[in-house]
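Working notes, structure below.
Nothing here was measured: the structure is a model prediction, and the numbers come from that model.
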Amino acid sequence: MNARRISSANTSKDSINVKTSGADLKSNLFYQSRLTRPMLDRAEGIYLYDTTGKRYLDGSSGAMVSNIGHSNANVLAAMKAQMDKATFGYRLHFQNEAAEKLARMTAERMPEGLDRVFFVSGGSEAVESTIKLARQYALAIGEASRWKVISRFPSYHGGTLGAVALTGYDPLTKPFEPMFRQMPKIPAPLCYLDRDNLSDEDRGIKYADMLRDEIIAQGPDTVLAFIMEPVGGASTGALVAPDSYYGRIREICDEFGILLIYDEVMTGAGRTGKFVASEHWGVIPDIVALSKGFAAGYSPLGAMVAQNHIVDKVLDAGGFMHGFTYAGNPLACAAGCAVLEEMDRLKLVDNARCMGRLLKAELTGLMDRYPFIGDVRGKGLLLAFELVSDRETMTPLPKGLNAYNRLVDLAYERGLIIYSRRTRGGLEGDHFLVCPPLIITPAQINEIILTLTDCLDVMAAEMNLPVTR
């Protein structure tokens, strides 16, 4: 095993294929809604095209995945070169050059000490791997009583049962509660909803200290880890805590000997204007989960990155009892290497930071016209805005309006793709993620804002919402 990485992977499927015949073009057994979407024909840059020729601006990078845009010629060439050599080699039988190279490239980009890399095929597997490594580390150092992983509510950490146990999002967790062991939760730092006299710094400390209280309530010798998204994803709509929150969380974890896990599945690979979002606050977590933009949609790929001392203890105790069939798959890793090289060549981390400032300013400007936009938040090109009935009280729009679906559909009809969820535990509080590929230009940001303005005007008229002309 390479001293710089632990390897593994998976065979994750998002749908079940069924036989088709004649005009039946449906390939998925399950659908999220009854609304059908057109057939994808091709994609290039920040645009996708259906089979009728209609163009869509990918304003959410899919599900915050396509960080370098679509159909990048250099990535496709690298994948073709790897396909000509080998597309699969089982990790227990062979090492492969692409996986070794990607492990080195990843470690070089991570904060100090985070240079042991374990490959998977997606974000849920990356998160699952982090909690399994944390547990095996506790066993290796003689702390078998530690098994509880504290997370936040709301939060989202993946679709496997282990990851669902960490997730705080009722529509996605409640149906499966009999099937997993629920993990303890603390409130996410939804400071923008607070109506108190505290400073931002004091609010950050207040929310961080909720972790300390929960550790004590659970029994410190039973708590294994705390997992958090440094910038919120779909469950909280690009939530950013006050700066004071991040360092205080690290202090609390250190006080009780608890591992700090950062879920950077969405925030990693340059999305927030740093390679990983933890760099914004100078906090070094113990374990990190990466995926989505890590291979930018060119191949299923993710990674767990851990500190040396954790991995060494686990290996000395007999090895990491965990793995996936497609761990370190050479084709996926070749795509990952090429994606990172393109990020460097095109200076996309810098562009995410610069274009993120511009896009956030434009989204914030919409608040002057639409009093029902209650908040705009995020970092880099992980941005969101939330709709409310009253900006002063941040009362959500009535659930029955289904604004989070309607605005997405209006945008889709006009060739703009955005991503919506509900902030308040998944039950209400409509927010919309605007997270285009990191290659976006000022002209394309203007295209997003013009289309959003049209959509918001139409929705406001339909729902009798106020507009300031």
Side-chain angles (χ1 to χ4, degrees), residues 6 8 113-114 116 118 120 124-158 160-168 173 176-189 205 207-230 245-264 278 283-289 304-324:
I6 325 171
S8 227
L114 285 162
R116 306 295 280 273
F118 174 87
V120 297
S124 297
E125 291 177 4
V127 168
E128 196 88 7
S129 299
T130 68
I131 60 176
K132 283 192 172 182
L133 179 66
R135 172 60 178 167
Q136 289 183 54
Y137 173 69
L139 295 174
I141 62 174
E143 297 184 355
S145 64
R146 294 186 185 268
W147 59 271
K148 298 173 184 174
V149 180
I150 299 175
S151 58
R152 307 191 302 195
F153 187 93
S155 64
Y156 181 75
H157 295 291
T160 57
L161 288 179
V164 167
L166 307 173
T167 291
T173 58
F176 308 107
E177 281 186 349
M179 302 174 68
F180 63 82
R181 193 166 195 169
Q182 184 67 257
M183 291 293 176
K185 307 288 188 300
I186 62 170
I205 299 299
Y207 278 96
D209 281 344
M210 291 176 185
L211 173 61
R212 192 176 192 280
D213 294 341
E214 187 64 25
I215 291 168
I216 293 170
Q218 293 292 331
D221 61 344
T222 71
V223 180
L224 175 64
F226 175 61
I227 187 168
M228 58 173 274
E229 301 164 284
Y245 180 85
Y246 298 89
R248 179 62 181 145
I249 288 288
R250 177 74 268 184
E251 289 175 1
I252 292 166
C253 289
D254 290 343
E255 177 186 356
F256 293 99
I258 289 163
L259 296 177
L260 175 58
I261 302 172
Y262 266 23
D263 179 348
E264 299 237 23
S278 64
V283 171
I284 301 178
D286 298 296
I287 311 174
V288 173
M304 171 181 69
V305 189
Q307 293 206 23
N308 283 306
H309 70 95
I310 295 172
V311 175
D312 287 341
K313 289 292 186 183
V314 171
L315 294 182
D316 290 346
F320 191 28
M321 300 296 108
H322 178 62
F324 301 105

Sequence neighbours excluded, every pair satisfying salt bridge (Lys or Arg N to Asp or Glu O under 4.0 Å) that has a member inside residues 136-153:
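Qualifying pairs, neighbours excluded: Glu143-Arg146.
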
Selection residues 255-264 - residue pairs positive for salt bridge (Lys or Arg N to Asp or Glu O under 4.0 Å), sequence neighbours left out:
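Non-adjacent pairs meeting salt bridge (Lys or Arg N to Asp or Glu O under 4.0 Å): Arg212-Glu255.
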
Nearest heavy-atom neighbours spanning [X] and [Y]:
{"X": "Ala138", "Y": "Leu224", "answer": "CB-CD1, 3.6 Å"}
{"X": "Pro220", "Y": "Phe256", "answer": "CB-CD2, 3.7 Å"}
{"X": "Val120", "Y": "Ala126", "answer": "CG2-N, 3.7 Å"}

Evaluate Glu214 against Val223 for side chain to side chain contact (heavy atoms under 4.5 Å, CB included), listing each step before the verdict.
CA-CA 10 Å; Glu214 187 64 25; Val223 180; over 6 Å; no

Using a 4.5 Å cut-off on heavy atoms from C-beta on, say whether the side chain of [Y] contacts that of [X].
{"X": "Lys132", "Y": "Phe118", "answer": "no"}
{"X": "Arg135", "Y": "Val149", "answer": "no"}
{"X": "Ser129", "Y": "Ile287", "answer": "no"}
{"X": "Val311", "Y": "Phe320", "answer": "no"}

Distance (rounded to the nearest 0.5 Å) between [X] [atom1] and [Y] [atom2]:
{"X": "Ser151", "Y": "Tyr156", "atom1": "OG", "atom2": "OH", "value": "13.0 Å"}
{"X": "Leu133", "Y": "Arg116", "atom1": "CG", "atom2": "CZ", "value": "10.5 Å"}
{"X": "Thr222", "Y": "Ile258", "atom1": "OG1", "atom2": "CD1", "value": "8.5 Å"}
{"X": "Met179", "Y": "Leu161", "atom1": "CE", "atom2": "CG", "value": "5.5 Å"}
{"X": "Thr160", "Y": "Ile131", "atom1": "OG1", "atom2": "CD1", "value": "7.0 Å"}
{"X": "Leu114", "Y": "Asn308", "atom1": "CG", "atom2": "CG", "value": "8.5 Å"}

Which residues pass the salt bridge (Lys or Arg N to Asp or Glu O under 4.0 Å) test with Asp254, sequence neighbours left out?
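Residues passing salt bridge (Lys or Arg N to Asp or Glu O under 4.0 Å) with Asp254: Arg250.
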
Can you name the salt bridge (Lys or Arg N to Asp or Glu O under 4.0 Å) partners of Asp209, sequence neighbours left out?
Arg248

So, does [X] use its side chain to make a donor-acceptor pair with the main chain of [Y] at under 3.5 Å?
{"X": "Gln307", "Y": "Pro285", "answer": "yes"}
{"X": "Asp286", "Y": "Ile261", "answer": "no"}
{"X": "Tyr245", "Y": "Tyr207", "answer": "no"}
{"X": "Thr167", "Y": "His157", "answer": "yes"}
{"X": "Ser145", "Y": "Asp221", "answer": "yes"}

For [X], which residues count as a side chain to side chain donor-acceptor pair (under 3.5 Å) partner, sequence neighbours excluded?
{"X": "Glu229", "result": "none"}
{"X": "Gln136", "result": "none"}
{"X": "Lys185", "result": "Gln182"}
{"X": "Ser278", "result": "none"}

Listed partners of Phe226 passing ring pair (Phe, Tyr, Trp, His ring centres under 6.0 Å), at least two apart
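Result, ring pair (Phe, Tyr, Trp, His ring centres under 6.0 Å) vs Phe226: none returned.
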
For Tyr262, check ring pair (Phe, Tyr, Trp, His ring centres under 6.0 Å) against everything at least two apart and list the hits.
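Tyr262: no ring pair (Phe, Tyr, Trp, His ring centres under 6.0 Å) contacts found.
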
All side-chain contact (heavy atoms from CB on, under 4.5 Å) counterparts of Tyr137, not counting sequence neighbours
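Per chain and number, Tyr137 pairs via side-chain contact (heavy atoms from CB on, under 4.5 Å) with Ile141, Leu259, His309, Ile310, Lys313, Val314.
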
